[in-house]
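A short worksheet on the structure shown next.
Order of the sequence lines fixes the chain letters, A, B, ..., with proteins taken first and strands second; residue numbering starts at 1 for each chain. The analysis underlying the following values was restricted to heavy atoms, covering all of them including side chains, and did not include hydrogens, waters or symmetry mates.
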Amino acid sequence: MIDRKAFRKDFEGMQKALARRGEALVTEGSAWARAHALDVVQRDVKAQSEALQAERNSVSKLIGQKKKNGEDASEELARMGEVGKQSKLLDAQAREAELAFTDALLEIPNMPHESVPDGADEDDNIEIRRWGEPRRDEVPAHWDIGEALGILDFEAGAKLAGSRFSVLRGAAARLERGLMQFMLDMHADQHGYEEVWVPAIANRKTLTGTGQLPKFEDDLYALEGEDAFLIPTAEVPVTNLYQDEILNASDLPIRHCAYTPCFRREAGSAGRDTRGMIRQHQFDKVELVQLVHPDHALSGLDELTGHAAAILEALELPYRVVNLCTGDIGFSAQKTFDLEVWLPSQNCYREISSCSSFAQFQGRRAGIRFRTDGGKPEAVATLNGSGLAIGRTLVAVLENGWQLDEHGNDSVVIPEKLRPYVGGLEKIVKA
RNA sequence: GGAGAGAUGUCUGAGUGGCUGAAGGAGCACGCUUGGAAAGCGUGUGAACUCGUAAGGGUUCCGAGGGUUCGAAUCCCUCUCUCUCCGCCA
């Protein structure tokens, strides 16, 4: 959520920043414009209501005193009957106004940081650096490799659940599990993240805290008969671990890594990546989450991005880092670096991790605050990033490690550092 | 799923209609004391919104929502969650 005081004080500045995401966000009818109009109304009604309540409170006190002293309070009582009714009415109005105002605020996206490049979509993202030497030879798509080796079964996934689900068999299943352990170990043991294991279901408040709701309900799987949803990312439960808490400044930074399955309806992605494991309704991911002092949001983001990249380097997978442009960063993000891994079959880099700073946007929504000594509580800054998406990592391992042996048989060489996690397996061959 | 008990501030815990934003204790901060620390003593210590340049003021908040009342932490209703017992179950 945007800072409501800043919204008043620096209206022009914020509007300018927001417009960098797209003019439509600040024009008439936008949540921004709505909030602007409602703010004045909201405060006005509140002031009226509070004045009346103040009167009611003081006279009520007087009545109490008079009664105690055995004096006659019938005059006050008569007057207060009316004031009480009035006050109740006004109070309802004030609450409604406040609610409408916060509803509008909740739909306003975060302001992009000035270091976020201008742009309309992913074509305007800016490459920051590359690592590794991409292989340029012909490599079959992972679904062909997987089927040739008998380890990826998309038909079974479709039969069991529908499109965009898959079944892993044998070495692929083992690889999925091994990757998860490998990533968690590295973050927990080398990068200083405390591992947590959290529910894969979250309620409405929790999803509002990180920004998925109220705007993106269609992207979530809702549970019937409950006001709860399957999580689209571990960011949601892990960040909200500290929902409505006031931390000590000395507690920061807080770093957590977590594995969870992730569930996404992919409502707006019809026709994209329909084959293979790139875009699934259910996928596994190891997530990194940090709660930091607002002054350290961007330095923390650099560091966190490095932690995610370290996994790719350990797996010898070529990648690049991309600074997302204003048109491509997510709703809650202040700034985002994507890690894109080389997929030789597609001859391009594909997103495998998205690392974002949210500044205090989520901290304000979720009520995650910290206090320095006796000072006023202040919203924490939050960061998170995939470290990494496991399914996509599996795809990258299959394609980048693919080879044909002298007899023309497919096989996949497992990156050395991963081998201890898959029972010492060095090479996947057809079973 | 059935029966019962409960939900109060950072924690613990009192409070059954006005004097309660909330006793007592712990914790924390500051001061005194000390060579230093501990103990002891003293003082202070919730949040959100809002008015104000500020000093300072107002409103709301005792799980959530509604109701009764001039007035609700306290009475009534609904819901959520926690605990205990029973049932069921990985």
### Query
What interatomic distance, in whole Å, is found between C1' of B/G24 and the corresponding atom of B/C76?
31 Å
### Query
Which residues satisfy the side chain to side chain contact (heavy atoms under 4.5 Å, CB included) test with A/His281, sequence neighbours excluded?
A/Arg164, A/Phe165, A/Tyr221, A/Glu266
### Message
Under the rule for side chain to side chain contact (heavy atoms under 4.5 Å, CB included), what residues qualify as partners of A/Pro415, not counting sequence neighbours?
### Response
A/Leu315, A/Glu316, A/Val397, A/Leu418
#### Entry: Residues which pass side chain to side chain contact (heavy atoms under 4.5 Å, CB included) with A/Ser115, listed by chain and number, not counting sequence neighbours
A/His113, A/Lys335
### Pairwise C1' distance, B/G17 and B/U69 [rounded to whole Å]
9 Å
### Interatomic distance, A/Leu90 CG vs B/U60 P [rounded to whole Å]
13 Å
#### Entry: side-chain hydrogen bond (donor to acceptor under 3.5 Å, both in side chains) evaluation trace for A/Tyr319 with A/Glu313
CA-CA 8 Å; A/Tyr319 69 92; A/Glu313 292 177 21; 2.4 Å; yes
### Pairs flagged by salt bridge (charged side-chain N to carboxylate O under 4.0 Å, His left out) wherever residues 203-215 of chain A is involved - sequence neighbours left out
A/Arg204-A/Glu217, A/Arg204-A/Asp227, A/Lys205-A/Asp244
### Interatomic distance where CD belongs to A/Gln42 and P belongs to B/C49 [whole Å]
10 Å
### Task
Mind checking side-chain hydrogen bond (donor to acceptor under 3.5 Å, both in side chains) for A/Gln360 and listing every partner two or more places apart, or none if nothing turns up?
none
### Message
What is the distance, to the nearest angstrom, from the CG atom on A/Leu77 to the P atom on B/U69?
### Response
13 Å
### Message
Which residues pass the side-chain hydrogen bond (donor to acceptor under 3.5 Å, both in side chains) test with A/Arg275, not counting sequence neighbours?
### Response
none
#### Entry: Rounded P spacing from B/G18 to B/A55 in Å
35 Å
### Integer angstrom distance from the P of B/U16 to that of B/G6
14 Å
### N or O in side chain of A/Arg95 less than 4.0 angstrom from B/G66 OP1/OP2
yes
Pick out the pairs of N or O atoms, protein on one side and nucleotides 72-81 of chain B on the other, that lie under 3.5 Å.
none

Protein-nucleic acid N or O pairs under 3.5 Å, nucleotides 51-58 of chain B:
residue : atom : partner : partner atom : Å
B/C51   : OP1  : A/Arg43 : NE           : 3.0
B/C51   : OP1  : A/Arg43 : NH2          : 3.2
B/G58   : N2   : A/Glu50 : OE1          : 3.1

Could you pull out all donor-acceptor pairs under 3.5 Å where a side-chain atom in residues 422-431 of chain A meets a protein atom, sequence neighbours excluded?
none

### Message
Looking at A/Arg4, I'd like to know whether one of its side-chain N or O atoms comes within less than 4.0 Å of OP1 or OP2 on B/A48.
### Response
no
### Message
What is the separation between atom CD1 on A/Ile63 and atom C1' on B/C19, rounded to the nearest whole Å?
### Response
16 Å
### Message
Taking only side-chain N and O atoms of A/Arg371, does any of them lie within less than 4.0 angstrom of OP1 or OP2 on B/A47?
### Response
yes
### Any A/Lys46 side-chain N or O less than 4.0 Å from OP1/OP2 of B/U60
no
### Message
Using the rule salt bridge (charged side-chain N to carboxylate O under 4.0 Å, His left out), only one of A/Lys67, A/Lys61, A/Lys66 pairs with A/Glu76; which is it?
### Response
A/Lys66
## Note on the structure
Separation of B/U59 atom P from A/Lys88 atom NZ, nearest Å, is 17 Å
### Query
Between B/A47 atom C1' and A/Gln243 atom CD, what is the distance in whole Å?
16 Å
